[in-house]
2 protein chains.
Amino acid sequence: MEFTHIFKCLSDVQRLRILNLLSAGPLCVCHIQEILGEGQVKVSKQLRYMKELGVVEATREANWMIYSLPDPRDPLLETNLKYLLAQAGVEPDLLSDLAKRESLLLQAQKRDGGLPVAITCDESCPDEDCC
Amino acid sequence: MEFTHIFKCLSDVQRLRILNLLSAGPLCVCHIQEILGEGQVKVSKQLRYMKELGVVEATREANWMIYSLPDPRDPLLETNLKYLLAQAGVEPDLLSDLAKRESLLLQAQKRDGGLPVAITCDESCPDEDCC
DNA sequence: TTAGAATATTCCAAATTTAGAATATTCCGT
DNA sequence: ACGGAATATTCTAAATTTGGAATATTCTAA
């Protein structure tokens, strides 16, 4: 993955927020939409942009497209995401986005366990008791 | 300075090479031109772009425009520049650019001491015996 | 005040990015 | 096969970025 591609993705607040979410674990498009409060096309296109640059990847799970960060994580991307998240106030949405993500996943699992496993918590989730 | 501005500057190899040079000390446009091997307009425009984003600044010194990184350095920018420079092969030009910079400055000072002080070595230069 | 050096700007065209509306695709359940 | 849910794509238009050629500006030295 080209380092310029990583910087291009990070240079837009919407994309940064998406990457911040994905760094906590895979997510489907509709959840990203709901957390960001943006429309379907807009989110889908940002994901496509980042996918073409190789910064995110996607797999299909029934009706859902599950987006995630490639494994292993690129250290350049990971370092920047951690830095920005740690800086309170740099991008205020990053923290609340993660909170919304957890409540969404919890709520989805309580409502019906039938959601694709990939979007529930997995080993990449830093929060042990998230799910 | 917006963090998105920093990422926009870093997302282009030409701009990254310029920032890498400036992180070693201030430089005038003609030296940047010569090191990068690019034309005047192109370099001037990239500098203007970065100046408008607040990532670099400029002062006039006689006929020369001296570009530099604002002091204090933004940690986000500095960290990324150091990381990329340390990764051999990520952007092969970064190291040789710095070498060219030093030989240019040495050569300029030997030829005539009349060059603007700002583009000779100053306290921001990491190399003690550069000038 | 004039010539020349260093740099910036303007004019113009191509390429990229961004986004909404409408439409299409893919997959599931029935 | 059909309808609906989740997502992608196409069409279209605006905004941004990029770069070259020509020109303008700013300063110095004589």
Whole angstrom is fine here: how far is it from [atom1] in [X] over to [atom2] in [N]?
X       : N      : atom1 : atom2 : result
B:Glu34 : C:dT7  : CD    : C1'   : 16 Å
B:Glu61 : D:dT26 : CD    : P     : 18 Å
B:Gln40 : D:dT26 : CD    : C1'   : 13 Å
B:Arg60 : C:dA5  : CZ    : C1'   : 11 Å
B:Lys42 : C:dT7  : NZ    : C1'   : 18 Å
A:Phe7  : C:dT17 : CZ    : C1'   : 19 Å
B:Asp12 : C:dT17 : CG    : P     : 12 Å
A:Glu38 : C:dT18 : CD    : C1'   : 12 Å

Side chains of B:Gln33 and B:Glu38: is there a donor and an acceptor less than 3.5 Å apart?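 There is no such pair between these side chains.
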
Side chains of B:Asn20 and B:Asp97 only: does a donor on one sit below 3.5 Å from an acceptor on the other? no

From the set D:dG19, D:dT7, C:dA8, return the single nucleotide nearest to any side-chain atom of A:Cys30. D:dT7

Please pick, from C:dA21, D:dT28, D:dT7, the nucleotide with the shortest atom-to-atom distance to any side-chain atom of B:Asn63. D:dT28

Reckon [X] has a side-chain N or O less than 4.0 Å from the OP1 or OP2 of [N]?
X       : N      : result
A:Tyr49 : C:dT17 : yes
B:Gln46 : D:dG19 : yes
A:Ser44 : D:dT7  : no
A:Arg48 : D:dT9  : yes

I want to confirm an ordering. Mapping B:Tyr67 and A:Arg15 to their closest nucleotides on DNA chain C, which one lands closer to the 5' end?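 With B:Tyr67 and A:Arg15 compared, the 5'-side residue is B:Tyr67.
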
So A:Val41, base contact, sugar-phosphate only, or nothing? Heavy-atom distance under 4.0 Å. base

For A:Lys8, which contact category applies under a 4.0 Å heavy-atom criterion: base, sugar-phosphate, or nothing?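 Result for A:Lys8 = sugar-phosphate.
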
Does B:Leu104 share a hydrophobic cluster with B:Leu94, counting links as ILVMFWY side-chain heavy atoms below 4.5 Å and allowing steps through other members? yes

With rounding to the nearest 0.5 Å, note down the distance linking CG in A:Leu53 to SG in A:Cys9.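 Rounded to the nearest 0.5 Å, the CG-SG separation comes out at 5.0 Å.
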
Ignoring hydrogens and geometry, is there a side-chain-to-backbone donor-acceptor pair from A:Arg101 to A:Ser103 under 3.5 Å?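 No; judged by distance alone, with no hydrogens or angles, the pair does not exist.
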
Yes or no on side-chain contact (heavy atoms from CB on, under 4.5 Å) for B:Tyr67 and B:Val29, after CA distance, side-chain angles and deciding distance? CA-CA 7 Å; B:Tyr67 282 86; B:Val29 181; 3.5 Å; yes

Could you write out DNA chain D as a dot-bracket string, with dots for unpaired bases, | for bases paired across to another strand, and Watson-Crick or G-U pairs counted at under 3.5 Å? ||||||||||||||||||||||||||||||

Quick one: which residue pairs count as a salt bridge (charged side-chain N to carboxylate O under 4.0 Å, His left out) with a foot in residues 23-36 of chain B, not counting sequence neighbours?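 Applying salt bridge (charged side-chain N to carboxylate O under 4.0 Å, His left out) to every pair that reaches into residues 23-36 of chain B, excluding sequence neighbours, yields nothing.
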
